[in-house]
Number of protein chains: 2
Amino acid sequence: MSVILIADDEVRIRRLVADFLKRDGHTMLEASNGEEAIRLIEQHGEIELAILDVMMPEKDGFSVLRYIREQELTAKMPVMMLTARAEELDQLHGLQSGADDYVTKPFSPLVLCARVKNLLLRAGKKDDNTNKFGELDIDEIRHEVRVNGKDIGLTPKEYELMIYFKNNRGIALSREKILNAVWGYDYFGDLRTVDTHIKKLRAKLGEYGGKIETVRGYGYRFEV
Amino acid sequence: MSVILIADDEVRIRRLVADFLKRDGHTMLEASNGEEAIRLIEQHGEIELAILDVMMPEKDGFSVLRYIREQELTAKMPVMMLTARAEELDQLHGLQSGADDYVTKPFSPLVLCARVKNLLLRAGKKDDNTNKFGELDIDEIRHEVRVNGKDIGLTPKEYELMIYFKNNRGIALSREKILNAVWGYDYFGDLRTVDTHIKKLRAKLGEYGGKIETVRGYGYRFEV
DNA sequence: AGTATTTTGAACATTTGGTGAACATATCGC
DNA sequence: GCGATATGTTCACCAAATGTTCAAAATACT
């Protein structure tokens with residue numbers, strides 16, 4: 001349901017958290033240090049929650065938190081801090097570091113999942129469940145897109161593209177942004193690949209194909 | 001969002017700063033010495049911040065700073081100085097050199113980014129989200145310009161021209177400046193090409209076409 | 001391993017936009 | 001008012017962006 005960033009240098013912890021939250025339907029982004037976390041935040045536009053370990057190489061959790069609060073776009077992102085020892089907790093509160101929640105290691109994955117849920121709810125996680133536009137129905141539960149009630153059989157990439165467009169309707173998206181968001185920030189492919197997928201998506205959308213408008217000299221825009 | 005000049009003779013530093021600030025959405029101009037920096041400032045009309053290394057060949061950072069403060073057009077440009085050693089800092093302040101901020105090497109790119117952001121905010125540049133002038137609406141999110149609520153279908157060059165005018169409203173812009181800003185500083189084309197685009201832009205702006213005034217013997221000015 | 005599906009980008013087609021020469025018109029200094 | 005210069009306007013050619021097709025490569029499925 002949401003896109004969540006987990007930053008921790010311990011692979012075990014990262015995997016553990018990521019696996020549990022994935023099972024809750026979230027999309028997980030993983031970073032093994034602070035620099036990486038910041039890069040992910042910069043490049044991935046729609047992160048809805050960040051879980052940061054305090055102790056990390058390159059840049060610690062506080063630095064990343066400060067970065068998040070400084071950037072206008074991310075300033076209001078809910079942030080959960082992971083700390084290794086209970087003693088640090090007081091320090092954290094004393095520092096008024098601006099995090100939204102603290103969890104001390106070792107933690108129970110289920111407790112963590114519950115707190116994540118709370119944070120997302122508290123953040124008013126905009127239930128952007130508007131996925132029906134006329135006879136175009138983007139069904140994220142069934143993981144399919146229907147036109148006139150019939151599944152149009154999108155491939156994985158086409159589906160992700162569709163979701164990205166849906167989450168950014170009315171916004172002009174450059175090919176670069178689309179590549180970063182749908183293919184991943186570490187993908188270095190031809191920008192024109194986007195065009196090819198757009199074409200196929202438009203074709204499958206049939207009468208709704210025109211809803212994906214070309215923004216000449218820039219990229220594309222999904223209109224509803 | 002903003003156009004920023006970085007002048008430093010060390011390529012590594014230049015690239016580092018440029019890369020980070022690019023990720024923040026800024027357009028970067030790079031100079032490897034003071035002479036080059038001044039040339040770029042002369043040719044590029046809308047530089048919003050200059051980051052100058054103190055120690056550079058040809059002309060050092062102070063000389064460039066003095067130049068900036070002497071020119072009426074650039075006198076108020078925020079300037080950030082980079083200095084190699086902490087000791088120099090006192091000296092700088094003592095000299096009252098007129099820079100807006102100082103950063104000592106080695107520095108954290110993120111700290112630098114944050115300070116840049118502060119300077120731009122302080123300069124009142126960032127909040128220039130005024131894109132509605134009566135019934136003329138310049139929508140950078142949708143990447144379109146509307147008059148009376150209707151998209152006037154600008155071509156890429158026309159759109160960029162419009163944005164440039166919007167960011168420099170009330171300022172007389174020579175054809176050279178316009179070419180440098182919209183076409184790129186490495187473009188060598190006919191100055192009259194600007195006229196052709198102005199004509200088309202005026203036509204599409206309809207009743208607002210007159211807002212682009214001719215400054216005879218010089219260039220054009222967007223008035224609101 | 002073998003088959004089916006999906007992804008990818010090169011190649012070509014088509015559409016759209018950019019450019020500057022040429023001519024028309026306006027403005028200025030005298 | 002006249003010539004000189006600057007700007008407005010039009011248009012045809014060329015350049016660039018996007019659409020489209022396709023086959024090879026990668027991936028998933030069995």
Side-chain angles (χ1 to χ4, degrees), chain A residues 143-145 151-165 172-223, chain B residues 143-145 151-165 172-223:
Chain A
H143 209 267
E144 72 180 19
V145 175
D151 181 14
I152 59 174
L154 296 185
T155 67
K157 271 268 149 27
E158 288 157 8
Y159 179 78
E160 285 178 63
L161 194 54
M162 183 77 257
I163 297 295
Y164 182 58
F165 272 127
L173 302 162
S174 68
R175 292 181 173 72
E176 262 135 356
K177 271 189 194 161
I178 295 172
L179 266 193
N180 276 334
V182 178
W183 274 257
Y185 65 94
D186 55 350
Y187 180 83
F188 296 103
D190 197 318
L191 285 178
R192 296 299 308 282
T193 294
V194 174
D195 298 35
T196 304
H197 284 269
I198 295 278
K199 160 158 181 10
K200 292 205 262 181
L201 184 52
R202 276 173 171 164
K204 290 189 181 176
L205 285 173
E207 59 188 299
Y208 286 91
K211 295 294 179 184
I212 299 175
E213 295 175 358
T214 302
V215 182
R216 209 146 231 284
Y218 191 73
Y220 298 93
R221 184 179 54 209
F222 181 55
E223 211 54 74
Chain B
H143 208 270
E144 75 182 15
V145 175
D151 181 15
I152 59 174
L154 297 186
T155 67
K157 272 271 157 10
E158 288 158 9
Y159 180 79
E160 285 178 63
L161 194 54
M162 184 77 255
I163 297 294
Y164 182 58
F165 273 127
L173 302 162
S174 69
R175 292 180 174 73
E176 260 138 356
K177 271 189 191 164
I178 295 172
L179 265 193
N180 278 334
V182 177
W183 274 257
Y185 62 91
D186 54 351
Y187 179 83
F188 297 104
D190 196 318
L191 285 178
R192 296 299 309 284
T193 294
V194 174
D195 299 34
T196 304
H197 284 272
I198 295 279
K199 185 215 170 307
K200 293 204 264 184
L201 184 52
R202 277 174 171 164
K204 290 189 181 175
L205 285 174
E207 58 187 300
Y208 286 91
K211 294 294 179 182
I212 299 175
E213 295 173 359
T214 301
V215 182
R216 212 178 160 74
Y218 189 72
Y220 298 93
R221 184 181 53 213
F222 181 55
E223 212 53 76

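Chain A is the first sequence line, chain B the second, and so forth, proteins listed ahead of strands; every chain is numbered from 1.
Put simply, B:R192 has no side-chain N or O that comes within less than 4.0 Å of OP1 or OP2 on C:dA22. Contact annotation: A:W183 side-chain N/O to C:dT7 OP1/OP2 distance is not under 4.0 Å. For the pair B:T155 and C:dG18, the criterion of a side-chain N or O lying under 4.0 Å from OP1 or OP2 is met. Taking only side-chain nitrogens and oxygens, B:Y187 never comes nearer than 4.0 Å to OP1 or OP2 of C:dG18. The side chain of A:K199 contributes no N or O atom lying less than 4.0 Å from OP1 or OP2 of D:dT18.
Of the candidates C:dT7, D:dT10, D:dA17, D:dA17 carries the atom nearest the A:R216 side chain, counting heavy atoms from C-beta on. Of the candidate nucleotides D:dT20, D:dG8, C:dG20, D:dG8 has the atom lying nearest to any side-chain atom of B:D195. Taking the side chain of B:T214 as heavy atoms from C-beta on, and the options D:dG19, D:dG8, D:dT10, the nearest nucleotide is D:dG8. Of the candidate nucleotides C:dT8, C:dA26, C:dG18, C:dT8 has the atom lying nearest to any side-chain atom of A:K157. Nearest to the side-chain atoms of A:Y220 among the listed nucleotides D:dT21, C:dT7, D:dT18 stands D:dT18. The side chain of B:P156 has C:dG17 as its nearest neighbour among D:dT5, C:dG17, C:dG20.
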Between A:R216 and B:Y159, does a side chain to side chain contact (heavy atoms under 4.5 Å, CB included) hold up when you go through it step by step? CA-CA 10 Å; A:R216 209 146 231 284; B:Y159 180 79; over 6 Å; no
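Atoms CZ (B:F188) and P (C:dG20) sit 13 Å apart, rounded to a whole Å. In this structure, the CD1 atom of B:I212 is 11 Å from the P atom of D:dG8, given to the nearest Å. To the nearest angstrom, P of C:dG18 lies 14 Å from OH of B:Y159. To the nearest angstrom, P of C:dT8 lies 10 Å from CD of A:E160. Across the protein-nucleic acid pair, B:Y218 atom OH and C:dC28 atom P stand 18 Å apart, rounded to whole Å. Per the geometry, CG belonging to A:L179 stands 9 Å off P belonging to C:dT8, to the nearest Å. Atom NE2 in A:H197 sits about 14 Å away from atom C1' in D:dT20, given to the nearest Å. The distance from atom CG of B:L191 to atom C1' of D:dT7 is 13 Å, rounded to the nearest whole Å.
Comparing B:R175 and B:T196 by the nucleotide of DNA chain D whose heavy atom lies nearest to each, the residue mapping closer to the 5' end is B:R175.
Nucleic acid contact for B:V194: none, since no nucleic acid atom lies under 4.0 Å from a heavy atom of the residue. Residue A:V215 is in sugar-phosphate contact alone, with no base atom involved, counting any heavy-atom pair closer than 4.0 Å across all strands shown.
Within the 4.5 Å cutoff, no side-chain heavy atoms of A:F188 are placed close to those of A:L179. Proximity of B:I198 to B:L161: side-chain heavy atoms (C-beta onward) are separated by under 4.5 Å at one or more points. A:E160 has its side chain out of reach of A:L154: every pair of non-hydrogen atoms, C-beta onward, lies at least 4.5 Å apart.
Side-chain atoms of B:R221 never come within 3.5 Å of backbone atoms of B:V215 as a donor-acceptor pair (strictly under, hydrogens ignored).
Between A:F165 and A:F222, the ring planes lie tilted relative to each other; the angle falls in the 30° to 60° range.
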